[in-house]
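Some notes on the structure that comes next.
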Amino acid sequence: MGGGGGGFRGSCRVGAVLLFSAWVAVAALSRLLRPVPNGCVMTYMYPAYIPIAATPRNISSDRYGLFLYHEGWKQIDFAKHIRGLRGVPVLFIPGNGGSYKQVRSLAAESFRAYQNGPLEPTFYREASSTLPADELKDFSIPSRYGRMLDWFAVDLEGEHSAMDGRILEEHTEYVVYAIHRILDQYKESQLERSKGGAKSSHDLPSSVILVGHSMGGFVARAAVVHPNLRKSAVETILTLSSPHQYPPIALQPSLGHFFSHVNEEWRKGYGTGVSHASNSKLSNVVVVSVSGGIHDYQIRSRLASLDGIVPSTHGFMVGSSSMKNVWLSMEHQSILWCNQLAVQVAHTLLSIVDPVDRHPFSSTQKRVFVFTKMLQSAVPQSLSSMAHVPASLSQTLPANGNQNAGELHKKGSLSCPPSTQWTSDGLEKDLYILSNSVTVLAMDGRRRWLDIKKLGSNGRRHFVFVTNLAPCSGVRIHLWPEKHHSPVLNELSASKKIVEVTSKMVQIPAGPAPKQVEPGSQTEQPPPSAFLLLSPEEMSGFSFITVSVAPRPTFVNCGAFRLLPWHGILYLAYTSFQIYTQRL
């Protein structure tokens, strides 16, 4: 009896362990397979796909297809719509197992972007271009769009191009054919219009913009170095989550061989170095690669990199999580429909069209400049990239018992442009802060003093400042040496330098202010757009921090700062506030 009972209890324990293990495995698998919330907004559209006749026909044209996208819910005459082609041609190339219908999100947002006009100015600090300034001295992003985009897409029958290099070669052959067919279609459409009595135009497109997803991005690059492609038929390529360095999975030797061949042709096409790129075969070709970031498990950023293939003067890679107006990492497929990215890409492609001659800018520098300004941000990738204020930016004030911070503004600071200097006449009475957490309610033109030792636990705490005021023009921050009542001690203290640390402020991702719902509502404030972090070591030797707010508000603002322990995670260290102020 006893042995039987022990055996039963042992069986129950084993069963319980197995049941628990199965539950853990199911829970883990469920969590692994659960879609990762990426913050993307769905894109909606009214798609129509117009087939383009294959003339002349060849082997690849019989196998694959070419379509023109049309956005709109009204039924249209396909033949009439094709005769009216007058936009800038863009060809979408799907990836492994992809469909030509995946063009719909980008094409729909391009149509809406052209109808509604350029984006409103944002509060972002724009990325600076590293290109030579000669040609870009008087150039800026167009304030209006010169011509709409005509989106085409190739139907590659959903073939798995990531499995075999020979499939990639066949896709490349057809893309070259499709590029020529698109350019010829514009000539045919113009000829049809002229037969109908329409005035002939001489502004036919001479090149096609290529946009490729996944393996389609590599096919786009392969088409550019194909020997049968017409000269200058492609000058701009944008790839979305595409592998460029090598295939993600080299299942067949032919796949690796084709990648190596294409990349070698690109290196030859740009010459042996960046200095030779202006006279090379690909001298007028710009390539921009967009990676999906950490949520894209299929194409990691290192695969999407253009390093060693495209010189920095002719292209770059940008992660979707660092793109202006996007700030999101996304999965391999969601990069095609994520509305934030689709809108930004649409406006970017429209911006490279010259509003004067209504063609994409012929200048490589101008196109790279537009891509840089529209896609890249000046946000540093980590806190470690925050530069220290060099000694040349500090200032020394004369030892004077009546000295105040206004003199610092009179003398001007090398860390801020001269146009943003304030005078002491514009600053109101100083405020001495007694709390380690302070909120700035408005641009009141006051200077707030914080005692580092009293409020910062005798200098052991960090200082964190969060605001949406523009550094220099909206707010300025200084570190001050200790003040004494004795003139002798004051002179010794003044031998230390008063340091402006405004230049250490770092921009953080922030969208434009939401539109006002009704008069007087509190909905026009932009979110925090900059922060400053000072460690105890950086504040060592100083006794006060001053936060000076501009006296004349020019835009909605808010700010908060705090002295507090540092736990290594920024969101533990600050709270943002949004306060509405009247525009003056």
Side-chain angles (χ1 to χ4, degrees), residues 43 45-72 75-79 81-82 85 87-111 149-186 188-189 205 208-224 226 228-229 233-234 237-242 258 332-333 335-337 342 345 349:
T43 302
M45 69 293 293
Y46 297 95
Y49 306 95
I50 306 172
I52 302 297
T55 53
R57 305 185 69 88
N58 59 22
I59 297 177
S60 61
S61 66
D62 292 337
R63 184 175 178 181
Y64 305 122
L66 178 63
F67 290 85
L68 170 65
Y69 181 89
H70 172 72
E71 174 66 18
Q75 188 173 2
I76 62 171
D77 183 335
F78 285 180
H81 184 75
I82 292 176
L85 284 176
V88 174
V90 183
L91 177 61
F92 173 77
I93 308 170
N96 178 58
S99 168
Y100 67 95
K101 294 183 179 181
Q102 291 174 321
V103 70
R104 55 187 179 269
S105 295
L106 292 169
E109 288 302 337
S110 297
F111 174 78
L149 304 178
D150 292 332
W151 282 84
F152 296 82
V154 289
D155 179 11
L156 301 176
E157 294 292 327
E159 293 180 341
H160 295 283
S161 55
M163 303 300 174
D164 196 332
R166 287 170 295 184
I167 298 178
L168 279 178
E169 293 182 32
E170 292 173 358
H171 288 182
T172 301
E173 290 277 355
Y174 183 72
V175 167
V176 171
Y177 166 83
I179 293 169
H180 296 163
R181 182 69 191 91
I182 290 171
L183 294 176
D184 292 342
Q185 182 62 61
Y186 279 85
E188 295 171 11
S189 298
V208 178
I209 299 173
L210 299 185
V211 176
H213 171 245
S214 189
M215 299 302 290
F218 182 78
V219 170
R221 286 203 303 112
V224 171
H226 195 280
N228 294 338
L229 184 70
V234 175
I237 300 176
L238 176 67
T239 68
L240 303 175
S241 194
S242 299
F258 190 62
H332 192 65
Q333 295 298 328
I335 199 170
L336 285 170
W337 57 259
V345 167
L349 294 179

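Just so you know, these numbers use all the heavy atoms, side chains as well, and skip hydrogens, waters and symmetry mates.
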Query raised in the report: Atom CD1 of Ile52 and atom CG of Leu85: how far apart are they, to the nearest 0.5 Å?
Result: 6.5 Å
Query raised in the report: So His332 and His213, would you call those rings parallel, tilted or perpendicular, with 30° and 60° as cut-offs?
Result: tilted
Query - Min side-chain heavy-atom separation Leu156-Val219 under 4.5 Å - result: no
Query raised in the report: Can you tell me how far the OG1 atom of Thr43 sits from the CH2 atom of Trp337, to the nearest 0.5 Å?
Result: 8.0 Å
Report task. With rounding to the nearest 0.5 Å, note down the distance linking OG1 in Thr172 to CD in Glu170. Result -> 9.5 Å
Report task. State the CG-CD distance between Leu240 and Gln333, to the nearest 0.5 angstrom. Result -> 11.0 Å
Query raised in the report: Yes or no on side-chain contact (heavy atoms from CB on, under 4.5 Å) for Leu68 and Gln185, after CA distance, side-chain angles and deciding distance?
Result: CA-CA 11 Å; Leu68 170 65; Gln185 182 62 61; over 6 Å; no
Report task. Taking all non-hydrogen atoms of both residues into account, name the closest pair between Tyr174 and Gly65 and its distance. Result -> OH-C, 2.9 Å
Query raised in the report: So, Ser189 side chain and Ile82 main chain: donor-acceptor pair closer than 3.5 Å or not?
Result: yes
Query raised in the report: Quick one: does Glu188's side chain get under 4.5 Å of Arg181's, heavy atoms only?
Result: yes
Query raised in the report: Ile167 and Ser161: which non-hydrogen atoms are nearest, and at how many Å?
Result: CG2-CA, 3.8 Å
Query raised in the report: Which atoms form the tightest heavy-atom contact between Ala223 and Val175, and what is the distance?
Result: CB-CG1, 3.8 Å
**Report entry** Side-chain heavy atoms of Leu229 within contact of His180, under 4.5 Å
**Finding:** yes
Query - Check: Tyr46 side chain, Ala108 main-chain N or O, donor-acceptor pair, under 3.5 Å - result: no
Query raised in the report: What's the verdict on side-chain contact (heavy atoms from CB on, under 4.5 Å) for Leu238 and Ile209, showing C-alpha distance, side-chain angles and the deciding distance?
Result: CA-CA 8 Å; Leu238 176 67; Ile209 299 173; 5.8 Å; no
**Report entry** Side-chain donor or acceptor of Asp150 paired with backbone N/O of Gly87 under 3.5 Å
**Finding:** yes
Requested in this report: Check each of Glu157, Glu173, Glu159 against Arg63 using the salt bridge (charged side-chain N to carboxylate O under 4.0 Å, His left out) test, and report the only one that passes.
Outcome: Glu159
Query raised in the report: In this structure, which one of Asp155, Ile179, Ile182 forms a side chain to side chain contact (heavy atoms under 4.5 Å, CB included) with Leu66?
Result: Ile182
Report summary line: Of all heavy-atom pairs linking Asn96 and Ala162, the shortest is OD1-N, 3.2 Å
Query raised in the report: So, do Val208 and Phe152 sit near enough that their side-chain heavy atoms are less than 4.5 Å apart?
Result: no
**Report entry** Heavy-atom side-chain proximity of Trp151 to Glu71 below 4.5 angstrom
**Finding:** no
Requested in this report: State the CD-CD1 distance between Gln102 and Ile93, to the nearest 0.5 angstrom.
Outcome: 13.0 Å
**Report entry** Ser105 versus Glu109, side-chain donor and acceptor atoms under 3.5 Å
**Finding:** no
Query - Ring centres under 6.0 angstrom apart (Tyr49, Tyr69) - result: yes
Query raised in the report: What is the minimum heavy-atom distance between Gly95 and Ser214, and which atoms define it?
Result: CA-CB, 4.0 Å
Query raised in the report: Taking it one step at a time, do Leu349 and Leu106 satisfy side-chain contact (heavy atoms from CB on, under 4.5 Å)?
Result: CA-CA 10 Å; Leu349 294 179; Leu106 292 169; over 6 Å; no
Query - From Ser110 atom OG to Leu149 atom CG, the distance as rounded to the nearest 0.5 Å - result: 5.0 Å
Report task. Show your reasoning for whether side-chain contact (heavy atoms from CB on, under 4.5 Å) applies to Val211 and Val103. Result -> CA-CA 9 Å; Val211 176; Val103 70; over 6 Å; no
Query raised in the report: Where do Gly217 and Thr239 come nearest, in terms of heavy atoms and distance?
Result: CA-CG2, 3.6 Å
Query raised in the report: Quick one: are the ring centres of His70 and Phe78 less than 6.0 Å apart?
Result: no
